[in-house]
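First the proteins, then the strands, lettered A, B, ... as listed; each starts at 1.
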There are 2 protein chains.
Amino acid sequence: MASIEDVARATGVSTATVSRALRGLASVAEPTRVRVQKAAQSLGYVPSAAASSLASGRTKAVGLVTPHVSRWFFSVCIETIESVLRTEGYDVLLVILPPGDQLEPGPGAVTPPSRQTIETDLLRKRVDATIVLTLPLVRRELETLRGLGHAVVYVGDLVPGLPSFGIDDVAVGRRATEHLLRLGHRDIALVGSNGEDPDGWGPPRDRYRGYVQAMGAAGLDPLPPVRCDLTVAEGRRAARELLTGGPLPTGVVAVSDEIGIGLLHELRSAGVDVPGRVSVIGVDDHPHADLHGLTTIAQPVAEQAEAAARWLLALLQRVRVTGGRLPAGWDSQQERLPVHLVERRSTAVPASLVNP
Amino acid sequence: MASIEDVARATGVSTATVSRALRGLASVAEPTRVRVQKAAQSLGYVPSAAASSLASGRTKAVGLVTPHVSRWFFSVCIETIESVLRTEGYDVLLVILPPGDQLEPGPGAVTPPSRQTIETDLLRKRVDATIVLTLPLVRRELETLRGLGHAVVYVGDLVPGLPSFGIDDVAVGRRATEHLLRLGHRDIALVGSNGEDPDGWGPPRDRYRGYVQAMGAAGLDPLPPVRCDLTVAEGRRAARELLTGGPLPTGVVAVSDEIGIGLLHELRSAGVDVPGRVSVIGVDDHPHADLHGLTTIAQPVAEQAEAAARWLLALLQRVRVTGGRLPAGWDSQQERLPVHLVERRSTAVPASLVNP
DNA sequence: CTGTTAGCGCATTCAT
DNA sequence: ATGAATGCGCTAACAG
């Protein structure tokens, strides 16, 4: 395994020059650089990340913390972020942290890993920064992240105290509801939020708030939300709840497309005409939304992830030139990306207006 | 940022003892261990991964190379592998390597990253081992992986020269076809393979071979495969191709459920009754297969990933005790996990037999 | 533009 | 069971 000394010997320069040449620092004569690169190439030399980190204090790695990888939003974020960071030479350390539950004690001899130890032990000293994807955080976790001593960015929601890239979820809820209102619906329910429940969390809660706003502005009473996890299976369950729980609304806002798709299927298999009897609107513009003809509020997922990654890269750059200290106010960035309505075949004028 | 020396001073022992105590080595007196752990805890000491790697030669990290993260098979593998490795204290370095295409040159001053540099530079010295998920490998890449100098495991196909965990894809194609044959179909097509095309690749090619075998055993002539990428959108395209390209078969084997779902939708929106006019069978048992009533050959994805991860962990353990050298024959492991048929509503006896 | 000199923070001998 | 000494391979001053 060739080391930097081998390259230095082969080139007849010092290891310092090899290091500089290979990193592309300006202060190396062009011919020298070329010779060094050639030698490194032919020796198959690859710098040791460990040695480099130890000497420089930088790891050239970023932690990516996510509660899921198979759900659409998260997988898109992961792909986008990995690609942006990789381009700039950063490695991605993937950390999957299931929402809400403590990890099981492992068979290891050492202390079993908990959320706490993962947050600190793993991320501290191993990475130069951390990106967190829409993970419900309790206050203590937020403090832990801020105490990591390096930059942390949040994607998918706006969380106070952390630089965040997301969308305006209140506006999303409002616009989805308004679309149904404009079509003439007055009896509108929302599926997939805990409402103002103290356990309620970020996006679903904010979308419900938008729904409440829109209903209020139309002089209508908002219904309490139908609780439901953001999955197709849960959407189906919610549909059954809707079908058996009193009069069916004519319009339904699903806080995510996955819920919307579940709703669509279950309502139709129960013989309910969508959009004839019930209109359904989702949020996301999931790739399958088109397949199912689901009207939705599209959110730019890759764009959120890319904006966050690029912003982080720029911050890391500034940190480097300022000698490792995070600039004041680094954590005040809050960016909302625009959403837009995508009309498909799951929403229509309510039957009562078509055949009065 | 507390260092091992701080802990040593606080405890009144040497750094060597701190190191041993914190790693749970046997040769430390119980009371000493406790004192050290307490001190480390209260000082918030976290060992530096870089220093530890440099000193020990082990990184406690594993590279995970995948062509996709949003596709179901891959996301399940990623989640499973991360979880298994994390439990044993290994970090996961995620590397997304799009199949087939060279990466674009980045804006960096250094050589733009290519598949080649990623395979070597990134993985060599940064990780103790690498797991590769069903990525079409050309021979050179395979050699590169083997030349990495550390353990490499392949998941999702059986590749000669690399320890592999997968399923019997020929049998999968055979069983899917046999299911249709048993129902009475004779006019059966397969969608999603390049057949014996030299560019053809692993699982789809093997599943086509199984189809050919089953057709042959039934005394029928196999049709050339309908080419199609393994996505819903491509499945829809393939359906249109089927609809316009001569007589429609009565049975269709889709080499993946995503294709199958696309087929189902497009056929039905064209007014073709499934399974009345055409039966469709997929492969995977994708979570959405149930939603669509798609009959399929289920494969155990999490199990493949877990088997590979655990096998790797065991190998790494052996490597450690033998002083860092890979044991002879480490690369000869080839494991096939069982699949099974899941009958749903997309396959039935052909109409010709129902109304003779 | 290049060489010299020091560590970076640990794990590991080899002692005891 | 514990301590002292050594070096992993590189980068960062500091000279020149």
- Got a sec, which residues hit ring-ring contact (aromatic ring centres under 6.0 Å, His included) with Tyr154(A), two or more places apart in sequence or on another chain? none

- Between Gly156(A) and Gln304(A), the two heavy atoms sitting closest are CA-OE1, 3.7 Å

- Query: With the sugar-phosphate defined as primed atoms, P, OP1 and OP2, and the base as all remaining atoms, what B/S/- string results for nucleotides 7-16 of chain D, 5' to 3', for protein heavy atoms under 4.0 Å?
  - Reply: BBBBSBB---

- With respect to the phosphate group of dT2(D), does any side-chain polar atom (N or O) of Ser14(B) fall under 4.0 Å of OP1 or OP2? no

- Item | Side-chain heavy atoms of Thr134(A) within contact of Pro67(A), under 4.5 Å | no

- Item | side chain to side chain donor-acceptor pair (under 3.5 Å) partners for Thr59(A), two or more places apart | Asp128(A)

- Message: Would you say that more than 12 heavy atoms from the other residues, nucleotides or ligands in this model lie under 6.0 Å from the CD of Gln41(A), or not?
- Response: no

- Task: Report the distance from atom CG of Leu43(B) to atom C1' of dG9(C), rounded to the nearest whole Å.
- Result: 15 Å

- Query: Hey, does Ser27(A) reach any base, or is it just sugar-phosphate, or nothing, if we go heavy atoms under 4.0 Å?
  - Reply: base

- Could you tell me whether Glu5(A) atom CD has more than 12 heavy atoms of other residues or ligands within 6.0 Å of it? no

- Distance below 4.0 Å between Thr32(A) side-chain N/O and dT2(C) OP1 or OP2: yes

